[in-house]
Structures are given as C-alpha cells and as structure tokens.
Amino acid sequence: MKSYNPQKIETKWQRIWEKDGHPKPKDKKGKYYILDMFPYPSGDGLHVGHVENFTATDIYARFKRFQGYEVLHPMGWDAFGLPAENFAIKTGIHPKLKTLESIKNFKRQIKSVGLSYDWERELNTSSPEYYRWTQWMFLFLYEHGLAYKKKAKVNWCEACHTVLANEQVIDGRCDRSGDIVVQKDLEQWFFKITDFVEPSKSPTGQKISGLLSGLEKIDWPSSTKAAQKHWIGRSEGAEVVFCVTDSEEELRVFTTRLDTIYGCTYVVMAPEHPLVAKLLNDQFSISKLQNKEEVKKYLEVTKKKTDLERTELNKEKTGIYLEGIEVAHPFTGERLPVYVADYVLGTYGTGAVMGVPAHDERDFVFAEKYQLLVKPVIKGLPSQKEQSLFTEDGTLFHSKEFSGLTSKEAREKMVAWLRKEKLGKKVVNYRLRDWLISRQRYWGAPIPIIYCDECGMVPVPKKDLPVKLPTDVDFQPTGESPLIRSESFHRVKCPQCGAKARRESDTMDTFVCSSWYYLRFADPQNTKVFASKKALQKYLPVDFYMGGAEHTVLHLLYARFFTKALMKHGHLDFDEPFLTLRHQGMILGEDGNKMSKSKGNVINPDRIVEEFGADSLRLYEMFMGPLDEMKAWNTKSIIGLRRFLDKVWKLSQKGVSNQRSAKNAPLESLLHQTIKKVTEDVAALKFNTAISALMILVNEMDKADHVSRSTYQSLLILLSPFAPHMTEELWAGLGPVGGRKKSIFLAPWPQYDGKKIVAETVTLAVQVNGKVRALLAVATGTSEAEVRAMALSNAVVQDRVKGKEIKKVIYIPGKIVSIVT
RNA sequence: GCCGAGGUGGCGGAAUGGUAUACGCAGAGGACUUAAAAUCCUCGGAUCGUAAGGUCGUGCGGGUUCAAGUCCCGCCCUCGGCACCA
C-alpha cells in the first residue's frame, strides 16, 4: 500500500458520497434531529469557527447513526442581510447574484471537509419558495394580533440607513457599522414577543411554558439561560400614585422597593413622560409650572443626546426642578418636589420614579447634586456599618405603623394598604420590549401588507404569496425603503375593494427568517404549508442544536417566541424548539486576538485542507481543547494530528493478522478501555479526550508485534466519525466484510467487554502520611489482606514506619493504600 | 456594579476526593543518512544533590480529610454577557 495521501483519497470519497449519498444504516431507534445554526453565506467563505461547529455536529451525527438513530442533519443559508446589499451598493452587483455565488463557495468548502449533510433538504431564506412562508408567518402573527404597527421612537443607524432592533444596539452603537445610533419617531411593525413571557394556554387547553419558565426544562448552557433571563428582566414591584397637588393630575411611579417609601423625598419624570408635555402646554390651566423656559431648554438638550451619551455619562446626573409643581406622598400626604431628569428611562415602568436617596445609589447621586433631603428609613443588622447609603433589605424605621417590619414584610403590607386606598397596586415589569421587525432595506423578505385609502391596512391574501422582491430596483439607501422607488412593486390593487393601493415597502428583519427555519427542514419542498403536520411530528423539536454564543439572546429568544406562538394557535405541539443547545468556543488567531481581516490573522480552511488534508483539519479542531471553550489557533500543532493519521495508515501495512492475538492481553484490555472511553466521550461531546484515548491505543498498537484484524477494525470504526475519508479508505482496503463490500459507516459500533477492561495487573500507590512512597504492581483479584501485607512489607514503607505505631491503613481497591502513623 | 465561565509545565490542554502535568506541539540528546527532510528511541515542573534521594509545587490566604487541582470559607486576577430597568 502506498503512503497516506489525504488529498487523493478525500476527493475520491467525496465524489462517491456526492454520487451515492452518505451511507446511512437502517434506523431502529427513531429520529434524532441535529442542527447547526445555519450560516450567513458571507463573501469571505467558510471560517475555521464554522468548521469547528460543523465538524462537531458531523461527528455527533455519524455517532448517532451508528447508534441506530435516523438522524436529520440538514444545512441551509441565512441568505438575506446587509452585507450582500452593501456589497451591491459598492459594486452594482445584485445581492441575489452575490449571494448565490457565496453559497456555491460555502457549499464547496463544506463538502471539502467531508460533512455529511442531508443536501436534499437544503434551503435558502432569500428564495421566494422560502420567504413565501416567512411572509405567511407574518400574516399568521398579524391575524392573531401578534404583529402590529405603531409609531415608535426607534433606533436609527445613519450609516446603514435603517432602523435597528434593541438587540442590535451595542453600547449605543450599531452592531454592524459601529455608528452611534440616534432616535427617530417612525411607524414601525412590531411582534408581540412580550405576550409569551409568562406561561399561556392554547384555545384547546394545551399548556405553553413561558419564555422564562420554559428555560427550566431545556438543556442549555447556564450562561445562555442566565442571559435570556436577564434580557427578559422580570421584576416584581408596585405602582404607586402620587397626586399632583391642586390638580386632577396624578403621577404614577414604579418601584421594587416600596418598603423604602417613607424615605422618598422627591419624584422624577423622564423627559419623555406625557405629563411633562402637558405641564408645558399653556392651554392647560392646571399648569402652575413657573420655569417653563428653563424646562424647555433642558428637554432640548436631552433630546439631542444620543442613547450612548444618556447612559454612558452615568456618574454625572442632570435634571431640572419643576418650580411650582408638587406631589403628595401617598402615605404621609407630605408635599414633595418634582424633577425631570434623563437618568429616568421613558420606556420602562411608568417613566417616572420616586427618589429615595438614602436607599438607592442613583437617587443618592442626584440628591447630592441638587441638595435634596436624604432620609434613611431602613437599617441593616447592628453588625452592618451605618452608612448614609444603604441599598439592601433590612428593617424599617421612621415608617409609622410599618416601622419594625422587615423589608419583605413591609412591601406586602404596604401594597395591601395602597390597594385599599386605591393609591397603587402590585405590578410586574419586564425589560423585554416588543420586537421591532421593520427594515428600510432591499435585501429582505417584503412585509405582506397593502394600504388602501378605502379599506385601510389590508393583509395580502395568503394565496397571493409570495410577495416577490422586484429585481429592477435601485437599492442605494436613502432612508426610505428602496422598494418605494419600484413602481411595479408598490403600486397594487386593494385585494378587498380593487381600488388603487400601495404596498408596504419595508422588509423584515433577517431574524424573522431564522426564527422558523428549523421547522421547514422537516418538509422543505412542501408548497401547501410551511411543513406538514406529519413531518413536524416526526422530526421536531430539534434534539441537538449548536452554534455560536453570539446568538444567546437574539435568535434563540425569537425562535422560542415563534414556537410558542405557533403552538398557541394549533400549528405545533411542542413549546420549546431546541431541547439541547451547545455553543462552540470562539477560535482566536495565532496571535491570541479575534480573527479579523484587518489584523491579518484569519485562517482559511482551504489552505489547511490543501496542506494537511480534511481529516487532519477535523481532528485538529476537535483536539484543540474543550469544544465550548475559547482557544487560539496554532498551525504548528496540526502536524501532530497528521502524524497520528500516518500511524493509523501504516498500521494497516504493518502486521494486521488474522490470528487471534490472545497473546497480547494488555492490548486487548486497552482496546476495550478505549471503546468505553471513546463511546462515552463522543456522547458527551468531549472530542479532545476521545482523540487522546485513540492516540494512546494507536501508540500501543504501533509498539505491538501483531495487531489482530478485529482490533484494527474496531480502531477504524472508533475513528471514523472524526476522520471519515481515511477510515473509509482503509476499511475498503481490508476487503469485503461478510462477503459484501460495505461502507465502514454501516458497520456495527464496537461494544466493550466489561471483563476485558480490567487489566491483569494494576499499579497501586502506597502513601505514608499522605505522601506516595512506593508503587505496587498487584495482580487483579488479589485479596485486601494480601495487598495490605504487601504494602506494609515493602522496604521503603518499612523504613518510613520504623519505630512508629501504625494507626490506620486505608485501602481503596485499584487506587491506593494509605498508611497513617 | 450584576450575572456567567475560568485561573494547572515553554504552549494547547488531561485528571468519578486517591501516583498532578495524560495526549499533542515546541525543545534537548541519540539512531538511520554522505547530508538534510521524514521516521524511530530516550529525556523534559522548580529546587538541593555526583547519585540514591529530599523539599516545594495546580492564582492567594485559611479550613475539612488518612488524602484536596477537585469540597467549604474569605480574597485576587482574566475572559464573556448585561448595565441609570428604579
């Protein structure tokens, strides 16, 4: 046999798999759905991070097939999005062409790594066959009141000329262009994701877990669950009414610390609060506001501030006193000053808060600046130091009849009192806002709505879907959707009355496309429904989902929302789409920095395949370290994996004999240990240690004079999920098995024999007072008494215990003898 | 600040409370070779010692235990996410 030439055998088997499909054993155990987060087909091609993700699921998929599962393992393209459109703006090349070209390249690269996808299920979100159903999803949500339009203050990116979702704003900047995000008032479409935070029921009475409670029953990384929980940000508190004195107006605030209310010395409104505008309006006779001009000036200043400035300057707090305005403290009737300050968020709670400087850090800072009264009403344990600022729970004082209660008790009693007096109630607030999905861009799925002067907003009838993207459009962004300038697109007849009407010209956020794609894979060619009930019942939910941690809140939360909404209205019978989720750790460049073109540290998988072969690349990426941990690339290290494969290759020529190698019991024992270790490690996705176990086995086989054929076969099967090309080649070289030439992937996965795992002798460490002093080779089956005697009679041990009384001897079979003097 | 994950040789990393540093890379020495590459063998925590061997070693300080990288308490540092959410 010739020497190992990966390039040659890899192309050979890739061609065979292309022609015949990937060998799949008969399924005996039912389905198992293994899904990768589908990639955006970027012009830069496949990243080594993709290879890590896809190789891991490929190994797992092959392993599950060996176990007898019918594995669904599809791949598709999250193909809408800004990069293709930006490229089009720069070059004039249509996004569709560029996208198709990129997909072609991605697919070539994926195939060059030997990934066993179900290509017959491939899908592309930018194809009309797919986005027809994305539009269907929109209409579905619209019908059930879960998609609505409202004028909203939105995040606007000047560079991208589009609105962004809250989730796409990072530190006040656009997550793509890095430009500062400004606020604009626009009519926008929203999805009512907030409807699903708490558990609900379908009309037929099925229980649907909430976005919060559902997290408890799925196997996801704790960090991801924590991030989602935090993003949803549920907080229980109370709404409290402060009456504006000498008027009918009232000011409601939200607080989680009702127990501190006797320490409230002022009240603050956000600049956006409606009452502020009302007080400034001269027509309102109620307005006794005396410093209107100053207040107006302050509002102008804050309006100019970006969200970044408003939040980043969190040390310096600004505000303005409303002269002549007072509110009454609901418990004491005391008159309190009112401020407007932009440290209060207009979009959370009621847009107004009570100021309790003694027990809230922010209020404390504000009160210090504006010389407001600090009035402590909560104290901690006597052991805790007295401070002017105490933000924890404690015991109340100076709080009339509530004094002496703990914070927790007080909150309950106080809210009961408020309810009785009709001055407040218990309230739950969330950080999560409804999902803004309108985008003023071309390369996305058009929103299927028509505006008619007579009928108003009319949904496109489902039979008319898809609403196709026009191809004759100038997609230079101007701030409105490029679709507005396509006459053919936006001029339509009203589906209800037939009068002249116009189409909605915005497209949907690409996250809408990816919120339901995992369902389509069950039945990707269906033209009647997004997927048949039968197919959904067979394959869904996704058993194992893998992708980058950057989708912790965006995609994963949206997908869960879609699943719950579809279940609520009878389209699905499960409420969580992804039962098990894992993230691959980011692969850094060789310099330890994140890979980026500007740093010039990007590794192109094509070059690695060329130099070392796809099997070596796969093994290397899996051997780098724990799958979910961040790790730096090191091209030098790949040679180690290549050497390992060379050894396996050479073993086939060395001495694989048909003789029973009963002589070599230690090797036999090692083989069975390896079968156990690899099987368990692959099941637990610990690929790095599985590979190291295979290396140990191969090193021993290499040293042995003879290796039995069955041992070698077992090795090849264990290695096959990792290095499919080479093992298939070597397997074929072994000749027909059972009279027929079959793929290694149709062979049975090796089973270990518990009896053979036990080696004939084990090495025990003998400790004297906690330190290892001797090693004992003990035959398996030696009795405890014998082992103890052996340990105590050991010369070194004797020397150590000489003249001392032995107090205790502890024997842990197979591990240690511990002698205490 | 809050939440989450971590801190082990020159490097990536391994270790159900039981011989710390498996496996791999890099390095050193040797074999083969005219030579190099490739391959194979041997050695690689620190320190004292010619050696046998001793002592110290998993971020820091305590504790539990016959025995701690692993468990408990208190810190320090790194990375990731969120961050004026009242």
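Letters A, B, ... mirror the listed sequences (proteins, then strands); counts begin at 1.
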Which pairs would a plain distance check flag for residues 587-595 of chain A, meaning a side-chain donor or acceptor within less than 3.5 Å of a matching protein atom at least two apart in sequence or in another chain?
| residue | atom | partner | partner atom | Å |
| --- | --- | --- | --- | --- |
| A/E590 | OE1 | A/T635 | N | 3.1 |
| A/E590 | OE2 | A/T635 | OG1 | 3.4 |
| A/D591 | OD1 | A/N593 | N | 3.0 |
| A/D591 | OD1 | A/N601 | ND2 | 3.0 |
| A/D591 | OD2 | A/N593 | ND2 | 3.3 |
| A/D591 | OD2 | A/N601 | ND2 | 3.3 |

Practice problem: Starting from the 5' end of RNA chain B, give me the residue, A/V796 or A/M624, whose nearest nucleotide shows up first. | Solution: A/M624
Quiz item: How are the rings of A/Y558 and A/W435 set to each other: parallel, tilted or perpendicular (split at 30° and 60°)?
Solution: parallel
Quiz item: Can you check the A/Y348 OH to B/A83 C1' distance for me, whole Å?
Solution: 13 Å
Quiz item: Can you tell which of B/C82, B/U19, B/C25 lies closest to the side chain of A/H230?
Solution: B/C82
Quiz item: Whole Å only: how far is the NZ atom of A/K594 from the C1' atom of B/G81?
Solution: 13 Å
Exercise. Select one nucleotide: of B/A86, B/C84, B/A22, the one nearest the side-chain heavy atoms of A/K317.
Key: B/C84
Between the protein and nucleotides 66-76 of chain B, which nitrogen or oxygen pairs are less than 3.5 angstrom apart?
| residue | atom | partner | partner atom | Å |
| --- | --- | --- | --- | --- |
| B/C66 | OP1 | A/K808 | NZ | 3.1 |
| B/C66 | O2 | A/S818 | OG | 2.7 |

Self-check item: A/Y620 ring center within less than 6.0 Å of A/W633 ring center
Solution: yes
Quiz item: Hey, is the side chain of A/T224 poking within less than 4.0 Å of OP1 or OP2 on B/G4, counting only N and O atoms?
Solution: no
Quiz item: In the strands shown, is B/A67 matched to any nucleotide by a Watson-Crick or G-U wobble pair with both distances under 3.5 Å, and which?
Solution: none
Quiz item: Closer than 4.0 Å, any side-chain N/O of A/N688 to the OP1 or OP2 of B/A14?
Solution: yes
Quiz item: Which nucleotide sits closest to the side chain of A/I639: B/A26, B/C82, B/A86?
Solution: B/A26
Self-check item: Side-chain donor-acceptor contact under 3.5 Å, A/S235 with A/N429
Solution: no
Quiz item: Hey, are the side chains of A/V682 and A/F687 touching, using non-hydrogen atoms and a 4.5 Å cut-off?
Solution: yes
Quiz item: What does A/N699 touch in the nucleic acid at a heavy-atom separation under 4.0 angstrom: a base, only the sugar-phosphate, or nothing?
Solution: sugar-phosphate
Quiz item: At their closest point, which heavy atom of A/T350 faces which heavy atom of A/V253, and how far apart are they?
Solution: OG1-CA, 3.3 Å
Quiz item: For A/D646, which contact category applies under a 4.0 Å heavy-atom criterion: base, sugar-phosphate, or nothing?
Solution: nothing
Exercise. Write down the distance between CH2 (A/W649) and C1' (B/U39), rounded to a whole number of angstrom.
Key: 18 Å
Quiz item: So, are A/E216 and A/K225 salt-bridged, with charged N and O less than 4.0 Å apart?
Solution: no
Practice problem: Counting heavy atoms from C-beta on, name the nucleotide in B/A86, B/U55, B/C40 closest to the side chain of A/L345. | Solution: B/A86
Quiz item: With both distances kept under 3.5 Å, what pairs with B/A28, Watson-Crick or G-U wobble?
Solution: B/U42
Quiz item: Between A/K650 and A/D646, is there a side-chain N and carboxylate O pair less than 4.0 Å apart?
Solution: no
Self-check item: Whole-Å distance separating the CD1 atom of A/I816 from the C1' atom of B/U16
Solution: 15 Å
Quiz item: How far, in whole Å, is B/C32 from B/C41 if one measures between their C1' atoms?
Solution: 11 Å
Self-check item: Whole angstrom value for the distance that separates P of B/C84 from NZ of A/K369
Solution: 18 Å
Quiz item: Which one is paired to B/U33, where only Watson-Crick or G-U wobble pairs with both distances under 3.5 angstrom count?
Solution: none
Self-check item: P atoms of B/U19 and B/A5, separation to the nearest Å
Solution: 27 Å
Quiz item: Would you say A/Y343 reaches B/A86's phosphate, i.e. side-chain N/O to OP1/OP2 under 4.0 Å?
Solution: no
Exercise. Classify the ring geometry between A/Y262 and A/H329 as parallel (under 30°), tilted (30 to 60°) or perpendicular (over 60°).
Key: tilted
Exercise. Could you please name the partner base of B/U16, counting Watson-Crick and G-U wobble pairs only when both distances are under 3.5 Å?
Key: none
Quiz prompt | Touch class at under 4.0 angstrom, heavy-atom based, for A/K686 against every strand present | solution = nothing
Quiz item: Does A/S223 make a side-chain N or O approach to OP1 or OP2 of B/C3 shorter than 4.0 Å?
Solution: no
Practice problem: Answer yes or no: is there a side-chain heavy-atom contact under 4.5 Å between A/S616 and A/E611? | Solution: no
Quiz prompt | Between B/G7 and B/A14 - P atom distance, rounded Å | solution = 9 Å
Quiz item: Partner of B/C75 by Watson-Crick or G-U wobble geometry, both contacts under 3.5 Å, or none?
Solution: B/G59
Quiz item: Are any non-hydrogen side-chain atoms of A/F254 and A/V240 less than 4.5 angstrom apart?
Solution: no
Practice problem: May I ask you to say what A/M354 touches in the nucleic acid, namely base, sugar-phosphate or nothing, with a heavy-atom cut-off under 4.0 Å? | Solution: nothing
Quiz item: Using the P atom in both, what is the distance from B/C60 to B/U65, to the nearest Å?
Solution: 23 Å
Quiz item: Once you round it to whole Å, what is the distance between C1' of B/G81 and NE2 of A/H551?
Solution: 15 Å
Quiz item: Starting at the 5' end of RNA chain B and moving along, which residue's nearest nucleotide shows up first, A/T256 or A/A765?
Solution: A/A765
Quiz item: How far does the P atom of B/G10 sit from the matching atom of B/A31, given to the nearest Å?
Solution: 29 Å
Quiz item: Is A/K771 near enough to B/C56 that one of its side-chain N or O atoms lies under 4.0 angstrom from OP1 or OP2?
Solution: yes
Quiz prompt | Any A/R431 side-chain N or O less than 4.0 Å from OP1/OP2 of B/C84 | solution = no
Exercise. Pick base, sugar-phosphate or nothing for A/R773, based on heavy-atom distances below 4.0 Å to the nucleic acid.
Key: sugar-phosphate
Quiz item: For atom C1', what is the distance between B/U70 and B/G18, given to the nearest Å?
Solution: 11 Å
Practice problem: Could you please name the option among B/G24, B/C25, B/G81 that lies closest to any side-chain atom of A/F623? | Solution: B/G24
Quiz prompt | For B/A83, the Watson-Crick or wobble partner whose two distances fall under 3.5 Å | solution = none
Quiz prompt | Inter-nucleotide P distance (B/A20, B/G69), Å rounded | solution = 8 Å
Quiz item: Taking only N and O in the side chain of A/R800, is any of them less than 4.0 Å away from OP1 or OP2 of B/G54?
Solution: yes
Practice problem: Take atom CZ of A/F644 and atom C1' of B/U39, then tell me their distance rounded to the nearest Å. | Solution: 18 Å
Quiz item: Quick one: is B/A38 close enough that its OP1 or OP2 comes under 4.0 Å of any side-chain N or O from A/R643?
Solution: no
Self-check item: From B/A22, B/U19, B/A86, nucleotide with atom closest to A/T763 side chain
Solution: B/U19
Quiz item: So, A/F366 versus A/Y266, ring centres under 6.0 angstrom or not?
Solution: yes
Exercise. Have a look at A/P221 and say if it touches a base, only the backbone sugar-phosphate, or nothing, with a 4.0 Å heavy-atom cut-off.
Key: nothing
Quiz item: With sugar-phosphate meaning primed atoms plus P, OP1 and OP2, does A/S692 contact a base, only sugar-phosphate, or nothing at under 4.0 Å between heavy atoms?
Solution: base
Exercise. Taking atom P in both B/G27 and B/U8, compute the distance separating them and give it to the nearest angstrom.
Key: 23 Å
Self-check item: Base B/U16 paired with A/K815 side chain (donor-acceptor, <3.5 Å)
Solution: yes
